[in-house]
Amino acid sequence: MSKKTPQAIRGTQDIFGSDAEAFAFVVETFERVRRLYRFRRVEMPVFEKTEVFARSLGETTDVVSKEMYSFDDRGGESLTLRPEFTAGIARAFLTNGWQQYAPLKVATHGPLFRYERPQKGRYRQFHQIDAEVIGAGEPQADVELLAMADQLLKELGIADVTLHLNTLGDVESRDAWRAALIDYFRAVKDQLSKDSQDRLEKNPLRILDSKDPRDKPFLADALKIDAFLSDEARAFFAAVTSGLDAAGVKWVRAESLVRGLDYYRHTAFEFIPDEGSASAAALGSQSTVLGGGRYDGLMESLGGAATPAVGWAAGIERLAMLVGAREEAKADAVIVVENDERLDDAISLLGKLRSCGFSAEMIASGSPRKRFDKAKKIPAHALVSFVVTDEGSPMRIMGDGGECHTAVESFILTGR
RNA sequence: GCGAUCGUAGCUCAGUUGGUUAGAGCGCCGGUUUGUGGUACCGGAGGUCGCGGGUUCAAACCCCGUCGAUCGCCCCA
């Protein structure tokens, strides 16, 4: 490669071949499942005013404090490449009068941007599928959303991933729990890991998730959210879990599961590969494949009326890794022109095949003697060779003997 | 942001304690061969060894920096 050729931006990907097929498979499957659940498709801007994210995610979160791609536009306004979908969708809900459609079920997918150290399964431009239910405060909304996620994973053929479920309670429960946790960990602060000492100030809930051996002894006895749940919050969570059981969605309770963004309340969940499974190995050090929860407080933080909502997002690249490389679809027909005098006949046939819905490709370049071998290497149901100069039908139609081969052959010979 | 490993043709990789003109397989291009089928043989193109500096008579190889990839931490989808 010439040194004049610019390199791709760090953390971006050029996806091609079987990886691109896996990516498309994830998106296509999501589109199909989303229709089954009657979620409406939306397309959102890739950038927003910086405050949309700063106010909704929480100023102290890692995403806002150090991972956003922010810049001033020519008018001097601070804009940010979206690091996630939920905040932008919430903003759109408020600014477009979408309240009239509540409860509103929407789905989208596209690129997100986060300035992080790239790794396997972690990129600076990455892609998510996303589903949200806005204006629905009932636990049934959580259940429907989780059932959709569960079905999506099943239809993708991903079996060794389990729903880890927790509740963070309502605002009062969460605040009380948080205060108690701070007191508990502060008493043993000196014995905690350096990371956890920092987390004590910034995000004490995350200490519960620590993998550091120095923290482990304190985690088992740490206070559980259950002790702080209000009756209402407890009833809400019970309704979610019984709904999941009724819907046939398997789940496990994950008492230490918290979410990184400030706006979450009540239900919080992640789909995580089972320990030692093929999926766990495929994901490297990343674990969460799909995550989300309820964010009843978000609309108010953006200046709107209190509006309950739930949502989730999943990394397309991570799902694609679990799906594995996928074969590109076989061509219905490959036409090989072994004699250039038959080129126009071949072009004509190629056009007819395509307009009648057959996928077709033509090989007519390079050494004529090598074209047959080249054509044979293209996966196809039928291979049509133009070799003799005689007018009329091509010299030979070869194929795999399957239905598609027969259909192509019949089409060429009889025109239908 | 921190720590570790790695970077040689389009791809997968060899390359000795530093020593002529850096190799192989696959792929690509061409020729011959074959002709109900992914044949075989011959030839060719393609690399300032990621980039920049340093040590040395001499660097793909040793040293420093930088960019990138991968792994762990952190964080998250």
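Computed over heavy atoms, backbone and side chain alike; hydrogens, waters and symmetry mates excluded. Chain letters run A, B, ... following the sequence lines, proteins first and then strands; every chain starts at 1.
Atom CZ of Arg40(A) has 12 or fewer neighbouring heavy atoms from other residues, nucleotides or ligands inside a 6.0 Å radius. A 6.0 Å sphere centred on OH of Tyr115(A) holds no more than 12 heavy atoms belonging to other residues, nucleotides or ligands. Surrounding NZ of Lys120(A) are at most 12 heavy atoms belonging to other residues, nucleotides or ligands under 6.0 Å away.
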Side-chain donor-acceptor pairs of residues 372-379 of chain A under 3.5 Å, sequence neighbours excluded:
| unit_1 | atom_1 | unit_2 | atom_2 | d |
| --- | --- | --- | --- | --- |
| Lys374(A) | NZ | Ser365(A) | O | 3.4 |

For residues 16-26 of chain A, run the donor-acceptor check on the side chains, cut-off 3.5 Å, and write out each pair with its distance to 0.1 Å, sequence neighbours left out.
none

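Here the nucleotide nearest the side chain of Gln286(A), chosen from rG37(B), rG72(B), rC76(B), is rC76(B).
Not counting sequence neighbours, the partners of Arg253(A) by the salt bridge (charged side-chain N to carboxylate O under 4.0 Å, His left out) test are Asp226(A). Residues meeting the salt bridge (charged side-chain N to carboxylate O under 4.0 Å, His left out) test with Arg35(A), sequence neighbours left out: Glu31(A). Lys194(A) is linked by a salt bridge (charged side-chain N to carboxylate O under 4.0 Å, His left out) to Asp198(A), counting only residues two or more places apart in sequence or in another chain. For Thr267(A), the side chain to side chain donor-acceptor pair (under 3.5 Å) partners are Asp142(A), not counting sequence neighbours. Annotation: side chain to side chain donor-acceptor pair (under 3.5 Å) contacts of Arg206(A) (sequence neighbours excluded): Asp209(A). The side chain to side chain donor-acceptor pair (under 3.5 Å) search around Arg199(A) returns Ser196(A), not counting sequence neighbours.
In this structure, a donor-acceptor pair under 3.5 Å is absent between the side chains of Asp130(A) and Thr108(A). Remark: the Thr29(A) side chain and the Glu155(A) side chain contain no N/O donor-acceptor pair separated by less than 3.5 Å.
Across all strands shown, Tyr123(A) has heavy atoms under 4.0 Å from base atoms, whether or not it also approaches the sugar-phosphate. Using a 4.0 Å heavy-atom distance criterion, Arg318(A) is classed as a base contact. Gly292(A) comes within 4.0 angstrom of no nucleic acid atom, judged by non-hydrogen atoms across all strands. Using a 4.0 Å heavy-atom criterion, one finds that Gly11(A) contacts the sugar-phosphate atoms exclusively.
Here the C1' atom of nucleotide rC74(B) and the CZ atom of Arg122(A) are 7 Å apart, to the nearest Å. Taking atom CG of residue Asp14(A) and atom P of nucleotide rG68(B), one finds them 14 Å apart after rounding to whole Å. Gln13(A) places its CD atom 14 Å from the C1' atom of rU70(B), with the value rounded to the nearest Å. The distance between atom CG of Leu283(A) and atom P of rC75(B), rounded to the nearest whole Å, is 18 Å.
Distance check on atom C1': rC51(B) versus rC13(B) gives 22 Å, rounded to whole Å. Comparing rU17(B) with rU32(B), their P atoms are spaced 47 Å from each other, to the whole Å. Atom P of rG10(B) sits at a distance of 13 Å from the matching atom of rG50(B), rounded to the whole Å. rC73(B) and rG47(B) are spaced 38 Å apart, taking the C1' atom of each and rounding to whole Å. Here the separation of rC29(B) from rC71(B), taken at their C1' atoms, is 40 Å to the nearest Å. A gap of 15 Å separates the C1' atoms of rU48(B) and rU21(B), to the nearest Å.
With hydrogens and angles ignored, a donor-acceptor pair closer than 3.5 Å exists between the side chain of Glu338(A) and the base of rG35(B). Between the side chain of Arg206(A) and the base of rC76(B) there is no donor-acceptor pair of N/O atoms closer than 3.5 Å.
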Once each nucleotide of nucleotides 2-8 of chain B is scored for protein heavy atoms under 4.0 Å, what B/S/- sequence comes out, 5' to 3'?
-> BBB----

Per-nucleotide protein contact string for nucleotides 38-43 of chain B, where B marks a base within reach and S marks sugar-phosphate only (heavy atoms under 4.0 Å, - for neither) | BB----

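Dashed line: the shortest gap from a side-chain N or O of Arg10(A) to OP1 or OP2 of rG68(B) is under 4.0 Å. When the side-chain nitrogen and oxygen atoms of Ser367(A) are compared with OP1 and OP2 of rG31(B), one or more of them lie within a distance under 4.0 Å.
Under the stacking definition used here (centres under 5.5 Å, planes under 30°), the residue Phe126(A) qualifies as stacked on the base of rA77(B).
In RNA chain B, consecutive stretches of 3 or more Watson-Crick or G-U wobble pairs with both distances under 3.5 Å are given as paired ranges: B:1-7 with B:67-73, B:10-13 with B:23-26, B:28-32 with B:40-44, B:50-54 with B:62-66.
Using a cutoff of 4.0 Å between basic side-chain nitrogens and carboxylate oxygens, Asp340(A) and Arg371(A) are scored as salt-bridged.
For the segment residues 61-71 of chain A, residues with any heavy atom less than 4.0 angstrom from an atom of RNA chain B are, sorted by number, Asp62(A), Glu67(A).
The side-chain heavy atoms of Phe71(A) and Leu79(A), taken from C-beta on, include a pair separated by under 4.5 Å.
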